[in-house]
Peer 1: 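Let me give you the structure first, and then I'll get to my questions.
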Amino acid sequence: MALRAIAGKKTLTLGLGFGPSGAAAAASFPGLGSGLHARGLVTFSLPDLPYDYGALEPAISGEIMQLHHQKHHQTYITNYNKALEQLEEAMTKGDSSKVVHLQSAIKFNGGGHINHSIFWQNLKPANEGGGEPPHGSLGWAIDTDFGSLEALVKTMNAEGTALQGSGWVWLALDREVKKLKVETTANQDPLVTKGANLVPLLGIDVWEHAYYLQYKNVRPDYLKNIWKVMNWKYASGVYEKEVA
Amino acid sequence: MSTSNCKGQLHQSRRASKVLAYYGITTPPYKLDALEPYMSQRTLELHWGKHHRDYVDSLNKQLVKSPLYGHTMEELIKVTYNNGNPLPEFNNAAQVWNHDFFWESMQSGGGKLPQGGVLQQIEKDFDSYSNFRDTFVESAMALFGSGWVWLVLRTEEKKLSVVRTSNAICPLVWGDIPIIALDMWEHAYYLDYKDDREKYINTFMDNLVSWHAATVRMLRAEAFVNLGEPKIPVA
């Protein structure tokens, strides 16, 4: 699916495309720019989930999915759009201190939009193939770089559990050296903040809102169960495209 | 007011006697259902019984292998903050203290208005109570990620100020004196308010915050910071 392009920096560059060509290209990807302002600013809207809210039960409850998607992700998008509008205004006026001041809001809300857009693709109902281990080149790469799928899962779960506060744990591909890595990012920092060569294959949201209603403070249980709805096909798709 | 919970214990082993630092968990100064309906008993049970307790247990586990000994909790936080390069014990130590402070920052029948000296100082430093309240709410809403919002008495500027901190950071590390704290980690409000942070923050200001505790803390703070206005009545 062309949704692979959502991964990594491409979202940002496509999203910031000005003018009709940017909007036309962007409009074909759900979740990318769909509003077009008079001066060409592309704004964003909430992408639909490719499954029902309850489809990931019992690993993730429908209540969480609905709140996570309709409230949290939507808020990031709303605030991202607001920040982009303010940024455009500041840039037009040449107001450097405002431009720089807005960067943290853009990183946080834009990052939230990017990360969650990837996250929804990373999950799949169990009866549609969620949880099925990776085959093909990604499977071999995991065995090479981590020893086994179990070892990778153990590493990611340990990193996710140890993360203080809010953040994400990622399975990343370093596209320069063609190696897999496990990384964490704080708050809504996208994976690229850890390295310009890193491409997200899988991300797990370990903000408390991602699991609290169901798992309360027991983050390790959430991490154990989310693998049952992990969409390895998406990760394989991104991986194969990068190493091709 | 938080008091030191540090006790040394002699641990007999075959090789040599080893002295360990050990901190205990304090209980909130009210029953766990006392803050209903603004903060549910369920939240208190989890927040205090699991999260806060975990921080204490994790800290004690870390201290078994650590040379840190003989500190009050406040000292331990400053030492482990290590001037911005926090040691591994910092997160747990600071969160233990922060949560103690948080429980004591709330009371049943809280909210309403501060009185006497605290109100006068707020009016002096923020122009009005409602200005202060707006500043506090805005600061909490603007926090990215996990963290805390504080009303602090700045020791150098000698005035009250609203600050927000990330994760476990606590104004003690800068030598400021906290007066009120609000926990903005999602676990603090998610069960009761889901994603409606604004409602949580406003409810805290209107119904939970203990101005009595704030007064006691201001009283103590005046022993360390010369607020210079003998006209302000102390309680």
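Hydrogens, waters and symmetry mates play no part in the numbers below; they use all other heavy atoms, side chains included.
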Peer 1: So for B:Arg197, is it side chain, backbone, both, or neither that comes closer than 4.5 Å to the heavy atoms of chain A?
Peer 2: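 No part of it gets close to chain A.
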
Peer 1: Between A:His72 and B:Tyr190, what is the ring plane arrangement, given parallel below 30°, perpendicular above 60°, and tilted in between?
Peer 2: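 Ring orientation of A:His72 relative to B:Tyr190: parallel.
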
Peer 1: Using the side chain to side chain contact (heavy atoms under 4.5 Å, CB included) rule, take B:Lys50 and A:Val218 through it: C-alpha gap first, then chi angles, then the decisive distance, then the call.
Peer 2: CA-CA 9 Å; B:Lys50 292 277 160 68; A:Val218 194; over 6 Å; no

Peer 1: Quick check on the interface: out of A:Asn109, A:Leu213, A:Thr75, who has the most heavy-atom pairs with chain B under 4.5 Å?
Peer 2: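 Looking at each of A:Asn109, A:Leu213, A:Thr75 in turn, A:Leu213 comes out on top.
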
Peer 1: Pick from B:Asp195, B:Leu46, B:Asp54, B:Asp196: which one has the most heavy-atom pairs with chain A under 4.5 Å?
Peer 2: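 It is B:Asp195.
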
Peer 1: Identify which one of B:Lys194, B:Glu186, B:His187 satisfies the side-chain hydrogen bond (donor to acceptor under 3.5 Å, both in side chains) criterion when paired with A:His209.
Peer 2: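 So, applying the side-chain hydrogen bond (donor to acceptor under 3.5 Å, both in side chains) to A:His209 and each of B:Lys194, B:Glu186, B:His187, only B:Glu186 qualifies.
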
Peer 1: Taking atom OH of A:Tyr53 as the centre, report whether more than 12 heavy atoms of other residues, nucleotides or ligands fall under 6.0 Å from it.
Peer 2: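 Enclosed.
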
Peer 1: Looking only at non-hydrogen atoms, find the nearest pair between B:Phe144 and A:Asn187 and report the distance.
Peer 2: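 Shortest heavy-atom contact: O-ND2, 3.8 Å.
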
Peer 1: So does A:Gln103 have more than 12 non-hydrogen atoms from other groups sitting under 6.0 Å from CD?
Peer 2: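 Yes.
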
Peer 1: Does NZ belonging to B:Lys159 count more than 12 external heavy atoms closer than 6.0 Å?
Peer 2: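 No, not enclosed.
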
Peer 1: Using distance alone, with no hydrogens and no angle criterion, decide if A:Gln164 and B:Asn167 have a side-chain donor and acceptor under 3.5 Å apart.
Peer 2: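 Short answer, no.
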
Peer 1: With a 4.5 angstrom heavy-atom cut-off, which part of A:Gln188 approaches chain B: side chain, backbone, both or neither?
Peer 2: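 Contact with chain B involves no heavy atom of A:Gln188 at all.
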
Peer 1: Do A:Lys216 and B:Arg42 pass the side chain to side chain contact (heavy atoms under 4.5 Å, CB included) test, and can you show the C-alpha distance, the side-chain angles, and the key distance before you say yes or no?
Peer 2: CA-CA 11 Å; A:Lys216 309 293 185 309; B:Arg42 185 88 185 101; 4.0 Å; yes

